[in-house]
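Just so we're on the same page: letters track the sequence lines, and every chain starts at 1.
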2 protein chains.
Amino acid sequence: MPPQKDARTKLLDAAMAVIRGKGFAATSVDELCQTAGVTKGAFFHHFRSKEELGVAVAKHFGEMAAGLFATAPYQTMTDPLDRLLAYVDFRTAILAGEIPEYTCLLGTMVQEAYATHPAIRAACEREITGHALTLAPDIAALLARQGRSDIDPAGLALHIQGVLQGAFILAKATGDARVAADSLGHLRRYLTLLFETQPQRKALP
Amino acid sequence: MPPQKDARTKLLDAAMAVIRGKGFAATSVDELCQTAGVTKGAFFHHFRSKEELGVAVAKHFGEMAAGLFATAPYQTMTDPLDRLLAYVDFRTAILAGEIPEYTCLLGTMVQEAYATHPAIRAACEREITGHALTLAPDIAALLARQGRSDIDPAGLALHIQGVLQGAFILAKATGDARVAADSLGHLRRYLTLLFETQPQRKALP
DNA sequence: ACATACATACCAACCAGTCGGTATGTTATC
DNA sequence: GATAACATACCGACTGGTTGGTATGTATGT
(Lines give C-alpha, C1' and ligand atoms only; values in the text may rest on other atoms or scores of the structure.)
Protein backbone atom coordinates (compact mmCIF):
# COMPACT_ATOMS: atom_id res chain seq x y z
CA MET A 1 0.00 0.00 0.00
CA PRO A 2 2.77 2.56 0.73
CA PRO A 3 3.95 2.86 -2.88
CA GLN A 4 0.35 2.81 -4.12
CA LYS A 5 -0.58 6.30 -2.96
CA ASP A 6 -2.84 8.03 -5.40
CA ALA A 7 -1.96 11.33 -7.05
CA ARG A 8 -4.05 13.35 -4.63
CA THR A 9 -2.25 12.04 -1.56
CA LYS A 10 1.13 12.39 -3.26
CA LEU A 11 0.31 16.01 -4.07
CA LEU A 12 -0.81 16.75 -0.52
CA ASP A 13 2.32 15.18 0.95
CA ALA A 14 4.50 17.10 -1.49
CA ALA A 15 2.67 20.32 -0.70
CA MET A 16 3.19 19.81 3.01
CA ALA A 17 6.92 19.49 2.56
CA VAL A 18 7.50 22.15 -0.07
CA ILE A 19 5.21 24.84 1.34
CA ARG A 20 6.79 24.50 4.77
CA GLY A 21 10.11 25.18 3.14
CA LYS A 22 9.29 28.17 0.95
CA GLY A 23 5.76 29.28 1.68
CA PHE A 24 2.53 29.03 -0.28
CA ALA A 25 2.94 31.86 -2.76
CA ALA A 26 6.49 30.91 -3.73
CA THR A 27 5.47 27.33 -4.39
CA SER A 28 4.33 26.76 -7.95
CA VAL A 29 1.87 24.16 -9.11
CA ASP A 30 4.51 22.83 -11.50
CA GLU A 31 7.00 22.29 -8.70
CA LEU A 32 4.35 20.54 -6.65
CA CYS A 33 3.57 18.18 -9.53
CA GLN A 34 7.25 17.48 -10.11
CA THR A 35 7.87 16.73 -6.43
CA ALA A 36 4.81 14.51 -6.27
CA GLY A 37 5.75 12.80 -9.52
CA VAL A 38 2.44 13.53 -11.24
CA THR A 39 1.39 15.80 -14.06
CA LYS A 40 -0.55 19.01 -14.08
CA GLY A 41 -3.59 17.21 -15.39
CA ALA A 42 -3.69 15.17 -12.20
CA PHE A 43 -3.39 18.31 -10.11
CA PHE A 44 -6.34 20.07 -11.68
CA HIS A 45 -8.31 16.88 -11.71
CA HIS A 46 -8.22 16.76 -7.91
CA PHE A 47 -8.13 20.48 -7.13
CA ARG A 48 -10.01 23.14 -9.00
CA SER A 49 -7.36 25.74 -8.13
CA LYS A 50 -4.16 26.25 -6.20
CA GLU A 51 -6.21 27.85 -3.44
CA GLU A 52 -8.32 24.71 -3.15
CA LEU A 53 -5.16 22.70 -2.67
CA GLY A 54 -4.20 25.12 0.07
CA VAL A 55 -7.44 24.41 1.89
CA ALA A 56 -7.03 20.66 1.41
CA VAL A 57 -3.43 20.61 2.59
CA ALA A 58 -4.39 22.48 5.74
CA LYS A 59 -6.88 19.75 6.53
CA HIS A 60 -4.35 17.08 5.55
CA PHE A 61 -1.79 18.58 7.91
CA GLY A 62 -4.34 18.79 10.70
CA GLU A 63 -5.16 15.11 10.32
CA MET A 64 -1.51 14.13 10.31
CA ALA A 65 -0.86 16.18 13.44
CA ALA A 66 -3.93 14.77 15.15
CA GLY A 67 -2.62 11.26 14.55
CA LEU A 68 0.85 12.18 15.77
CA PHE A 69 -0.32 13.61 19.09
CA ALA A 70 -3.10 11.09 19.66
CA THR A 71 -0.61 8.23 19.59
CA ALA A 72 2.15 10.09 21.45
CA PRO A 73 3.49 8.24 24.51
CA TYR A 74 2.52 10.94 27.01
CA GLN A 75 -1.19 10.33 26.44
CA THR A 76 -1.05 7.45 28.91
CA MET A 77 -0.26 9.80 31.81
CA THR A 78 -3.01 10.23 34.33
CA ASP A 79 -2.34 13.67 35.83
CA PRO A 80 -3.48 16.57 33.63
CA LEU A 81 -0.45 18.70 34.55
CA ASP A 82 1.94 15.88 33.71
CA ARG A 83 0.19 15.48 30.40
CA LEU A 84 0.22 19.17 29.57
CA LEU A 85 3.90 19.56 30.40
CA ALA A 86 4.67 16.39 28.50
CA TYR A 87 2.95 17.93 25.49
CA VAL A 88 5.30 20.90 25.68
CA ASP A 89 8.26 18.57 26.18
CA PHE A 90 7.16 16.47 23.24
CA ARG A 91 7.00 19.54 21.01
CA THR A 92 10.40 20.62 22.28
CA ALA A 93 11.86 17.21 21.49
CA ILE A 94 10.60 17.39 17.91
CA LEU A 95 12.72 20.52 17.41
CA ALA A 96 15.73 18.24 16.98
CA GLY A 97 14.85 17.64 13.32
CA GLU A 98 15.16 19.95 10.35
CA ILE A 99 13.14 23.20 10.17
CA PRO A 100 10.63 22.12 7.51
CA GLU A 101 9.96 18.97 9.56
CA TYR A 102 8.92 20.54 12.84
CA THR A 103 7.42 23.86 11.77
CA CYS A 104 3.69 24.32 11.36
CA LEU A 105 2.25 24.43 7.86
CA LEU A 106 -0.83 26.25 9.17
CA GLY A 107 1.10 29.13 10.67
CA THR A 108 3.24 29.43 7.57
CA MET A 109 0.25 29.51 5.23
CA VAL A 110 -2.07 31.74 7.22
CA GLN A 111 0.68 34.32 7.57
CA GLU A 112 0.78 34.99 3.83
CA ALA A 113 -2.75 34.05 2.85
CA TYR A 114 -4.91 35.58 5.57
CA ALA A 115 -5.91 38.54 3.43
CA THR A 116 -5.58 37.22 -0.11
CA HIS A 117 -7.13 33.75 0.33
CA PRO A 118 -10.02 33.84 2.82
CA ALA A 119 -10.73 30.14 2.35
CA ILE A 120 -7.19 29.20 3.34
CA ARG A 121 -7.34 31.52 6.32
CA ALA A 122 -10.55 29.86 7.49
CA ALA A 123 -9.11 26.37 7.01
CA CYS A 124 -5.99 27.24 9.01
CA GLU A 125 -8.09 28.76 11.78
CA ARG A 126 -10.19 25.60 11.92
CA GLU A 127 -7.18 23.30 12.23
CA ILE A 128 -5.26 25.47 14.69
CA THR A 129 -8.19 25.96 17.06
CA GLY A 130 -9.15 22.31 16.59
CA HIS A 131 -5.71 21.18 17.73
CA ALA A 132 -5.64 23.72 20.54
CA LEU A 133 -8.95 22.47 21.86
CA THR A 134 -7.49 19.01 22.40
CA LEU A 135 -5.54 20.60 25.24
CA ALA A 136 -8.52 22.45 26.69
CA PRO A 137 -9.98 19.65 28.88
CA ASP A 138 -6.72 19.18 30.80
CA ILE A 139 -6.28 22.94 31.10
CA ALA A 140 -9.84 23.32 32.35
CA ALA A 141 -9.25 20.64 34.96
CA LEU A 142 -6.05 22.35 36.12
CA LEU A 143 -7.72 25.75 36.32
CA ALA A 144 -10.54 24.26 38.36
CA ARG A 145 -8.00 22.56 40.63
CA GLN A 146 -6.36 25.94 41.25
CA GLY A 147 -9.69 27.66 41.69
CA ARG A 148 -8.95 30.10 38.88
CA SER A 149 -12.02 31.20 37.05
CA ASP A 150 -10.34 34.30 35.60
CA ILE A 151 -8.54 32.34 32.88
CA ASP A 152 -10.30 30.87 29.86
CA PRO A 153 -9.10 27.30 29.07
CA ALA A 154 -9.45 27.75 25.33
CA GLY A 155 -7.61 31.07 25.54
CA LEU A 156 -4.65 29.46 27.29
CA ALA A 157 -4.70 26.60 24.80
CA LEU A 158 -4.48 29.12 21.96
CA HIS A 159 -1.72 30.98 23.77
CA ILE A 160 0.29 27.76 23.86
CA GLN A 161 -0.18 27.43 20.09
CA GLY A 162 0.85 31.03 19.69
CA VAL A 163 4.08 30.52 21.62
CA LEU A 164 4.81 27.50 19.43
CA GLN A 165 4.26 29.53 16.27
CA GLY A 166 6.49 32.26 17.64
CA ALA A 167 9.17 29.74 18.50
CA PHE A 168 9.14 28.51 14.90
CA ILE A 169 9.67 32.04 13.65
CA LEU A 170 12.58 32.49 16.03
CA ALA A 171 14.08 29.24 14.79
CA LYS A 172 13.70 30.32 11.17
CA ALA A 173 15.17 33.75 11.87
CA THR A 174 18.18 32.53 13.79
CA GLY A 175 18.60 29.21 12.04
CA ASP A 176 18.97 27.76 15.52
CA ALA A 177 16.38 25.46 17.02
CA ARG A 178 17.84 26.06 20.49
CA VAL A 179 16.34 29.53 20.51
CA ALA A 180 12.95 27.97 19.90
CA ALA A 181 13.57 25.34 22.57
CA ASP A 182 14.53 28.08 25.01
CA SER A 183 11.26 29.86 24.28
CA LEU A 184 9.30 26.68 24.93
CA GLY A 185 11.24 26.42 28.19
CA HIS A 186 9.71 29.75 29.21
CA LEU A 187 6.28 28.46 28.24
CA ARG A 188 6.87 25.41 30.40
CA ARG A 189 7.91 27.59 33.31
CA TYR A 190 4.78 29.70 32.91
CA LEU A 191 2.59 26.60 33.10
CA THR A 192 4.37 25.27 36.17
CA LEU A 193 4.12 28.65 37.88
CA LEU A 194 0.42 28.68 37.13
CA PHE A 195 -0.39 25.12 38.04
CA GLU A 196 2.24 23.80 40.41
CA THR A 197 1.54 26.25 43.23
CA GLN A 198 -1.09 26.00 45.94
CA PRO A 199 -4.71 26.75 45.08
CA GLN A 200 -5.64 30.31 45.93
CA ARG A 201 -8.80 31.98 47.24
CA LYS A 202 -8.22 35.46 45.87
CA ALA A 203 -7.04 35.72 42.29
CA LEU A 204 -3.41 36.79 42.08
CA PRO A 205 -1.75 37.78 38.75
CA MET B 1 9.19 68.13 3.03
CA PRO B 2 6.57 65.34 3.39
CA PRO B 3 5.68 65.23 -0.31
CA GLN B 4 9.34 65.42 -1.29
CA LYS B 5 10.22 61.84 -0.41
CA ASP B 6 12.54 60.29 -2.93
CA ALA B 7 11.71 57.15 -4.88
CA ARG B 8 13.74 54.91 -2.62
CA THR B 9 11.88 55.96 0.52
CA LYS B 10 8.53 55.75 -1.25
CA LEU B 11 9.36 52.22 -2.36
CA LEU B 12 10.41 51.17 1.13
CA ASP B 13 7.26 52.61 2.67
CA ALA B 14 5.11 50.92 0.04
CA ALA B 15 6.93 47.64 0.56
CA MET B 16 6.36 47.81 4.31
CA ALA B 17 2.62 48.17 3.83
CA VAL B 18 2.09 45.77 0.94
CA ILE B 19 4.36 42.95 2.14
CA ARG B 20 2.72 42.97 5.56
CA GLY B 21 -0.59 42.46 3.83
CA LYS B 22 0.27 39.68 1.39
CA GLY B 23 3.79 38.49 2.07
CA PHE B 24 7.06 38.92 0.19
CA ALA B 25 6.68 36.33 -2.55
CA ALA B 26 3.14 37.37 -3.49
CA THR B 27 4.18 41.01 -3.83
CA SER B 28 5.37 41.88 -7.33
CA VAL B 29 7.85 44.58 -8.18
CA ASP B 30 5.26 46.15 -10.47
CA GLU B 31 2.73 46.42 -7.66
CA LEU B 32 5.34 47.97 -5.42
CA CYS B 33 6.15 50.57 -8.04
CA GLN B 34 2.49 51.34 -8.62
CA THR B 35 1.83 51.75 -4.90
CA ALA B 36 4.88 53.94 -4.49
CA GLY B 37 4.02 55.95 -7.59
CA VAL B 38 7.37 55.36 -9.27
CA THR B 39 8.48 53.37 -12.27
CA LYS B 40 10.33 50.13 -12.58
CA GLY B 41 13.39 52.00 -13.69
CA ALA B 42 13.51 53.75 -10.35
CA PHE B 43 13.14 50.46 -8.54
CA PHE B 44 16.11 48.81 -10.21
CA HIS B 45 18.13 51.96 -9.95
CA HIS B 46 17.97 51.77 -6.14
CA PHE B 47 17.83 47.99 -5.69
CA ARG B 48 19.72 45.49 -7.77
CA SER B 49 17.05 42.86 -7.16
CA LYS B 50 13.82 42.20 -5.33
CA GLU B 51 15.82 40.37 -2.70
CA GLU B 52 17.94 43.46 -2.11
CA LEU B 53 14.77 45.43 -1.49
CA GLY B 54 13.80 42.78 1.02
CA VAL B 55 17.01 43.31 2.94
CA ALA B 56 16.61 47.09 2.78
CA VAL B 57 12.99 47.05 3.91
CA ALA B 58 13.89 44.88 6.90
CA LYS B 59 16.38 47.53 7.97
CA HIS B 60 13.86 50.28 7.21
CA PHE B 61 11.27 48.55 9.38
CA GLY B 62 13.76 48.09 12.19
CA GLU B 63 14.60 51.77 12.17
CA MET B 64 10.95 52.78 12.19
CA ALA B 65 10.25 50.44 15.11
CA ALA B 66 13.30 51.68 17.00
CA GLY B 67 11.99 55.23 16.70
CA LEU B 68 8.51 54.21 17.78
CA PHE B 69 9.63 52.47 20.97
CA ALA B 70 12.39 54.91 21.81
CA THR B 71 9.91 57.77 21.98
CA ALA B 72 7.11 55.75 23.62
CA PRO B 73 5.72 57.31 26.82
CA TYR B 74 6.63 54.41 29.08
CA GLN B 75 10.35 55.03 28.63
CA THR B 76 10.19 57.66 31.36
CA MET B 77 9.32 55.06 34.00
CA THR B 78 12.03 54.38 36.53
CA ASP B 79 11.33 50.84 37.72
CA PRO B 80 12.49 48.14 35.27
CA LEU B 81 9.45 45.94 35.93
CA ASP B 82 7.08 48.84 35.32
CA ARG B 83 8.89 49.55 32.08
CA LEU B 84 8.88 45.94 30.92
CA LEU B 85 5.18 45.48 31.64
CA ALA B 86 4.43 48.82 30.03
CA TYR B 87 6.22 47.57 26.91
CA VAL B 88 3.86 44.60 26.78
CA ASP B 89 0.89 46.87 27.44
CA PHE B 90 2.05 49.22 24.73
CA ARG B 91 2.25 46.38 22.22
CA THR B 92 -1.17 45.21 23.32
CA ALA B 93 -2.62 48.68 22.83
CA ILE B 94 -1.30 48.82 19.26
CA LEU B 95 -3.41 45.77 18.44
CA ALA B 96 -6.41 48.09 18.17
CA GLY B 97 -5.47 49.03 14.59
CA GLU B 98 -5.71 47.00 11.41
CA ILE B 99 -3.71 43.79 10.97
CA PRO B 100 -1.14 45.11 8.47
CA GLU B 101 -0.51 48.05 10.80
CA TYR B 102 0.47 46.18 13.94
CA THR B 103 1.98 42.96 12.61
CA CYS B 104 5.71 42.53 12.21
CA LEU B 105 7.22 42.74 8.74
CA LEU B 106 10.26 40.82 9.93
CA GLY B 107 8.31 37.81 11.13
CA THR B 108 6.23 37.80 7.97
CA MET B 109 9.26 37.94 5.69
CA VAL B 110 11.54 35.53 7.50
CA GLN B 111 8.79 32.92 7.56
CA GLU B 112 8.75 32.63 3.77
CA ALA B 113 12.29 33.65 2.95
CA TYR B 114 14.42 31.88 5.56
CA ALA B 115 15.44 29.11 3.18
CA THR B 116 15.17 30.76 -0.23
CA HIS B 117 16.71 34.17 0.55
CA PRO B 118 19.56 33.85 3.07
CA ALA B 119 20.28 37.57 2.94
CA ILE B 120 16.72 38.42 3.96
CA ARG B 121 16.84 35.83 6.73
CA ALA B 122 20.01 37.37 8.09
CA ALA B 123 18.57 40.89 7.90
CA CYS B 124 15.44 39.83 9.78
CA GLU B 125 17.49 38.08 12.42
CA ARG B 126 19.59 41.20 12.90
CA GLU B 127 16.57 43.46 13.36
CA ILE B 128 14.62 41.07 15.59
CA THR B 129 17.50 40.36 17.94
CA GLY B 130 18.47 44.03 17.84
CA HIS B 131 15.02 45.05 19.02
CA ALA B 132 14.91 42.25 21.59
CA LEU B 133 18.19 43.37 23.07
CA THR B 134 16.72 46.78 23.91
CA LEU B 135 14.72 44.91 26.57
CA ALA B 136 17.66 42.94 27.88
CA PRO B 137 19.07 45.49 30.37
CA ASP B 138 15.78 45.79 32.26
CA ILE B 139 15.34 42.02 32.21
CA ALA B 140 18.87 41.52 33.48
CA ALA B 141 18.23 43.95 36.32
CA LEU B 142 15.02 42.14 37.26
CA LEU B 143 16.67 38.74 37.15
CA ALA B 144 19.46 40.02 39.39
CA ARG B 145 16.89 41.50 41.76
CA GLN B 146 15.23 38.09 42.02
CA GLY B 147 18.53 36.32 42.37
CA ARG B 148 17.84 34.15 39.35
CA SER B 149 20.95 33.22 37.46
CA ASP B 150 19.29 30.29 35.70
CA ILE B 151 17.56 32.50 33.13
CA ASP B 152 19.38 34.25 30.30
CA PRO B 153 18.21 37.87 29.83
CA ALA B 154 18.62 37.78 26.05
CA GLY B 155 16.76 34.48 25.92
CA LEU B 156 13.78 35.89 27.76
CA ALA B 157 13.88 38.98 25.56
CA LEU B 158 13.72 36.75 22.49
CA HIS B 159 10.92 34.73 24.06
CA ILE B 160 8.91 37.93 24.41
CA GLN B 161 9.44 38.61 20.70
CA GLY B 162 8.41 35.06 19.93
CA VAL B 163 5.16 35.40 21.85
CA LEU B 164 4.46 38.62 19.95
CA GLN B 165 5.08 36.88 16.62
CA GLY B 166 2.82 34.04 17.68
CA ALA B 167 0.12 36.48 18.73
CA PHE B 168 0.22 38.05 15.27
CA ILE B 169 -0.29 34.64 13.67
CA LEU B 170 -3.24 33.97 15.96
CA ALA B 171 -4.74 37.32 14.99
CA LYS B 172 -4.28 36.58 11.30
CA ALA B 173 -5.76 33.11 11.65
CA THR B 174 -8.81 34.14 13.63
CA GLY B 175 -9.20 37.63 12.20
CA ASP B 176 -9.64 38.74 15.78
CA ALA B 177 -7.07 40.89 17.54
CA ARG B 178 -8.57 39.97 20.90
CA VAL B 179 -7.07 36.49 20.62
CA ALA B 180 -3.67 38.12 20.22
CA ALA B 181 -4.35 40.48 23.12
CA ASP B 182 -5.35 37.53 25.27
CA SER B 183 -2.06 35.81 24.43
CA LEU B 184 -0.12 38.92 25.41
CA GLY B 185 -2.12 38.85 28.65
CA HIS B 186 -0.61 35.46 29.38
CA LEU B 187 2.85 36.81 28.59
CA ARG B 188 2.21 39.65 31.02
CA ARG B 189 1.12 37.21 33.70
CA TYR B 190 4.26 35.14 33.17
CA LEU B 191 6.43 38.20 33.68
CA THR B 192 4.60 39.25 36.84
CA LEU B 193 4.80 35.70 38.21
CA LEU B 194 8.52 35.76 37.55
CA PHE B 195 9.32 39.21 38.80
CA GLU B 196 6.65 40.30 41.26
CA THR B 197 7.32 37.59 43.83
CA GLN B 198 9.92 37.58 46.59
CA PRO B 199 13.53 36.88 45.72
CA GLN B 200 14.41 33.24 46.27
CA ARG B 201 17.51 31.43 47.44
CA LYS B 202 16.95 28.09 45.78
CA ALA B 203 15.87 28.18 42.18
CA LEU B 204 12.26 27.13 41.75
CA PRO B 205 10.69 26.49 38.32
C1' DA C 1 -20.99 2.62 -22.17
C1' DC C 2 -19.44 5.40 -19.00
C1' DA C 3 -17.30 7.55 -15.24
C1' DT C 4 -12.85 8.02 -12.84
C1' DA C 5 -8.02 8.92 -12.94
C1' DC C 6 -4.70 10.44 -14.93
C1' DA C 7 -1.37 12.41 -19.15
C1' DT C 8 -0.18 15.78 -23.01
C1' DA C 9 -0.30 20.02 -25.18
C1' DC C 10 -1.18 24.50 -24.94
C1' DC C 11 -2.43 29.54 -23.64
C1' DA C 12 -2.76 34.27 -21.98
C1' DA C 13 -1.27 36.90 -18.12
C1' DC C 14 2.27 38.01 -15.35
C1' DC C 15 6.90 37.89 -13.54
C1' DA C 16 11.72 39.81 -12.39
C1' DG C 17 14.99 41.96 -14.62
C1' DT C 18 17.24 44.71 -18.86
C1' DC C 19 18.20 48.52 -21.72
C1' DG C 20 18.46 52.86 -24.11
C1' DG C 21 17.47 57.15 -22.96
C1' DT C 22 16.56 61.92 -20.38
C1' DA C 23 16.86 65.43 -16.83
C1' DT C 24 19.32 67.32 -13.22
C1' DG C 25 22.92 67.93 -10.53
C1' DT C 26 28.20 68.13 -9.12
C1' DT C 27 32.98 68.70 -9.98
C1' DA C 28 37.13 69.97 -12.57
C1' DT C 29 39.52 72.67 -15.80
C1' DC C 30 40.53 76.58 -18.10
C1' DG D 1 32.26 82.03 -14.95
C1' DA D 2 31.84 79.15 -18.69
C1' DT D 3 32.23 74.64 -20.26
C1' DA D 4 33.27 70.02 -20.50
C1' DA D 5 33.15 65.51 -18.00
C1' DC D 6 30.92 62.76 -15.22
C1' DA D 7 27.45 61.04 -11.66
C1' DT D 8 22.91 60.43 -9.87
C1' DA D 9 17.97 59.85 -10.29
C1' DC D 10 14.56 58.37 -12.84
C1' DC D 11 11.67 56.82 -16.97
C1' DG D 12 9.01 53.22 -19.67
C1' DA D 13 9.19 49.93 -23.42
C1' DC D 14 10.78 45.41 -23.90
C1' DT D 15 12.19 40.32 -23.13
C1' DG D 16 12.44 35.62 -22.01
C1' DG D 17 10.85 32.69 -18.91
C1' DT D 18 7.20 31.26 -15.46
C1' DT D 19 2.61 31.29 -13.77
C1' DG D 20 -2.10 29.32 -12.85
C1' DG D 21 -5.33 27.38 -15.53
C1' DT D 22 -7.70 24.91 -19.76
C1' DA D 23 -8.81 21.71 -23.48
C1' DT D 24 -8.37 17.38 -25.03
C1' DG D 25 -6.76 12.95 -25.07
C1' DT D 26 -6.24 7.88 -23.26
C1' DA D 27 -6.27 3.99 -20.23
C1' DT D 28 -8.77 1.34 -16.87
C1' DG D 29 -12.19 -0.46 -14.06
C1' DT D 30 -17.30 -1.33 -13.65
Counting side-chain heavy atoms from CB outward, which of C/dG17, D/dG20, D/dG21 is closest to A/Ser49?
D/dG21
Taking the side chain of A/Thr39 as heavy atoms from C-beta outward, which of C/dA7, C/dC6, D/dG21 is closest to it?
C/dA7
Ignoring hydrogens and geometry, is there a side-chain-to-backbone donor-acceptor pair from A/Gln146 to A/Leu194 under 3.5 Å?
yes
For atom CZ of A/Phe43 and atom P of C/dA9, their distance in whole Å
20 Å
With respect to the phosphate group of D/dT19, does any side-chain polar atom (N or O) of A/Ser28 fall under 4.0 Å of OP1 or OP2?
yes
If you count heavy atoms of other groups shown closer than 6.0 angstrom to CD of A/Glu52, is the number above 12?
yes
Validation row: A/Arg91, A/Tyr102 side chains within 4.5 angstrom (heavy atoms)
no
Per nearest nucleotide of DNA chain D, the residue lying toward the 5' end, A/Ala26 or A/Arg48, is A/Ala26
Separation of D/dT19 P from A/Glu51 CD (nearest whole Å):
19 Å
A/Lys50 side chain near D/dG20 phosphate (N/O to OP1/OP2, under 4.0 Å)
yes
Any donor-acceptor N/O pair under 3.5 Å between D/dA13 base and B/Lys40 side chain
no
Indicate whether OP1 or OP2 belonging to D/dA9 is found under 4.0 Å from a side-chain N or O atom of B/His45.
yes
How long is the span from the CZ atom in B/Phe168 to the CD1 atom in B/Ile99, to the nearest 0.5 Å?
10.5 Å
Provide, to the nearest angstrom, the distance between the CD atom belonging to B/Glu31 and the P atom belonging to C/dA13.
19 Å
